[in-house]
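Take a look at the structure set out below.
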Amino acid sequence: MDADPQLHTLVSEEMSRQRQTLEMIASENFAPVSVLQAQGSILTNKYSEGYPGRRYYGGCAHIDEIERLAIDRARKLFSADHANVQPHSGAQANAAAFGALMKPGDTVMGLALSHGGHLSHGTTMNASGTFYKAVRYHLDSDTGLVNLETVARLARQHRPRVIVAGWTAYPRTVDWAGFRHTADEVGAFLVADMAHLAGLIAAGVYPSPVPYADVVTSTTHKTLGGARGGLVLCRGSLADRIDAAVFPGHQGGALNQSIAAKAATFHLAGRPGFVGSSRFVVNDPAVAGIHATVLAALVSRIRVR
Ligand SMILES: *Cc1c(COP(=O)(O)O)cnc(C)c1O
């Protein structure tokens, strides 16, 4: 406050805005205090390029323990073979996943942005659409749903190296097994992006893609309700490729304060209170039609206050 009154005023004004506004933004949430404390901690002072036990810097003993804790918690929460907790964001997690599975010029198939897909799934404004050849599938115009037969037909035609399932604006259940079947048929990797679903999946109230996808990417700040950041889960056989694609492939030093905040996030998401509020999000018939993420944000806001 004394060090920088101008900035202090601006942050205070934003805090008032957050307290006084009902913000119905599906991708947002309210981070709990333990997450805020970790993210605002002295862990930001440390350089730790590399992974636990194999760093390019000295003095990483405690950082190693924190990252191991975050990895263990992520693996347990989602029953995954391997977790990489270093991606700075969801888009970075996708960039790393694509980098691990494709060479420039390979084909990626994702849902069109205008139909609920994400920027990082092969749009031309994003590196994913310039490094790779992007093929887009669309929602069925009659039902508004993803039609797996259409997806399979396109996949047979274009033989993508990667098929992406899991999107930004699709408040229905994704048929992970159906996508697995199509990926197997054409010899593609299946990348499941659960950025908007992670909290519901962690709570067990939405089907998990982990048993079906080769790689699962996510954010940690949407329905998971925690630290702003990204996450990659994968089969054990792809662990080395994923880790190399995150660092040194796409990033430099890890954000240790964010990794600690992710550890706090995974801890909270495994607790009964989180499961209860997530169940409320998907069960309450009064909210049918409201995007689950909006409601998750509302519920977490009630919890925080
Ligand atoms: C929000 C989102 C992302 C990107 O997350 P950022 O942290 O903003 O980079 C990726 N994929 C999907 C499906 C998303 O909804």
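Both ligands and their constituent atoms are indexed starting at 1 by order of listing. In this chain, residues are counted from 1 in sequence order. Heavy-atom basis, side chains included; hydrogens, waters and symmetry copies ignored.
Checked options I42, L43, N45; the residue passing with Q257 is L43 (criterion: side chain to side chain contact (heavy atoms under 4.5 Å, CB included)).
In summary, E185 and R156 engage in a salt bridge, as defined by a charged side-chain N under 4.0 Å from a carboxylate O. Between D214 and R180, at least one side-chain nitrogen of the basic residue sits less than 4.0 Å from a carboxylate oxygen of the acidic one, meeting the salt-bridge criterion.
Between S120 and ligand 1, no N or O atom pair is found at a separation short of 3.5 Å. Inclusion of Q92 in the set of residues having an N or O under 3.5 Å from an N or O of ligand 1 is not warranted. Ligand 1 has no N or O atom lying under 3.5 Å from any N or O atom of T219, backbone or side chain. Taking only nitrogen or oxygen atoms, main chain and side chain alike, D193 reaches within less than 3.5 Å of ligand 1. Annotation: G90 places an N or O atom under 3.5 Å from an N or O atom of ligand 1; distance criterion only. Note: an N/O pair closer than 3.5 Å links A91 and ligand 1 by distance alone.
Relative orientation of the W176 and Y206 rings is perpendicular, given thresholds of 30° and 60° on the angle between their planes. Ring geometry, H121 versus F98: the interplanar angle falls from 30° to 60°, so the pair is classed tilted.
Of all the atoms in ligand 1, the ones that sit under 4.0 Å from a non-hydrogen atom of T168 are 12 (C), 13 (C), 14 (C), 15 (O). Listed by number with element, the atoms of ligand 1 under 4.0 angstrom from any heavy atom of H196 are 15 (O). Heavy-atom proximity to N94, at under 4.0 Å, picks out these atoms of ligand 1: 10 (C), 11 (N).
In this structure, atom 8 (O) of ligand 1 has no protein heavy-atom contact shorter than 4.0 Å.
Under 4.0 Å from ligand 1, not a single heavy atom of L119 appears. Only the side chain of H221 comes within 4.0 Å of ligand 1, judged by heavy-atom distances.
When hydrophobic clusters are built by joining Ile, Leu, Val, Met, Phe, Trp and Tyr residues whose side-chain heavy atoms come closer than 4.5 Å, directly or via intermediates, V85 is not grouped with Y47.
Heavy atoms of K222 come nearer than 4.0 angstrom to ligand 1 in at least one pair.
Listed here is the closest heavy atom pair of T265 and A227: OG1-N, 3.1 Å.
N94 and H118 are not linked by any side-chain donor-acceptor pair at a separation below 3.5 angstrom, with hydrogens and angles left out of the test. Counting only N and O atoms by type, the side chains of N256 and S48 include a donor and acceptor under 3.5 Å apart.
Protein heavy atom at the shortest distance from atom 3 (C) of ligand 1 is H118 NE2, 3.2 Å.
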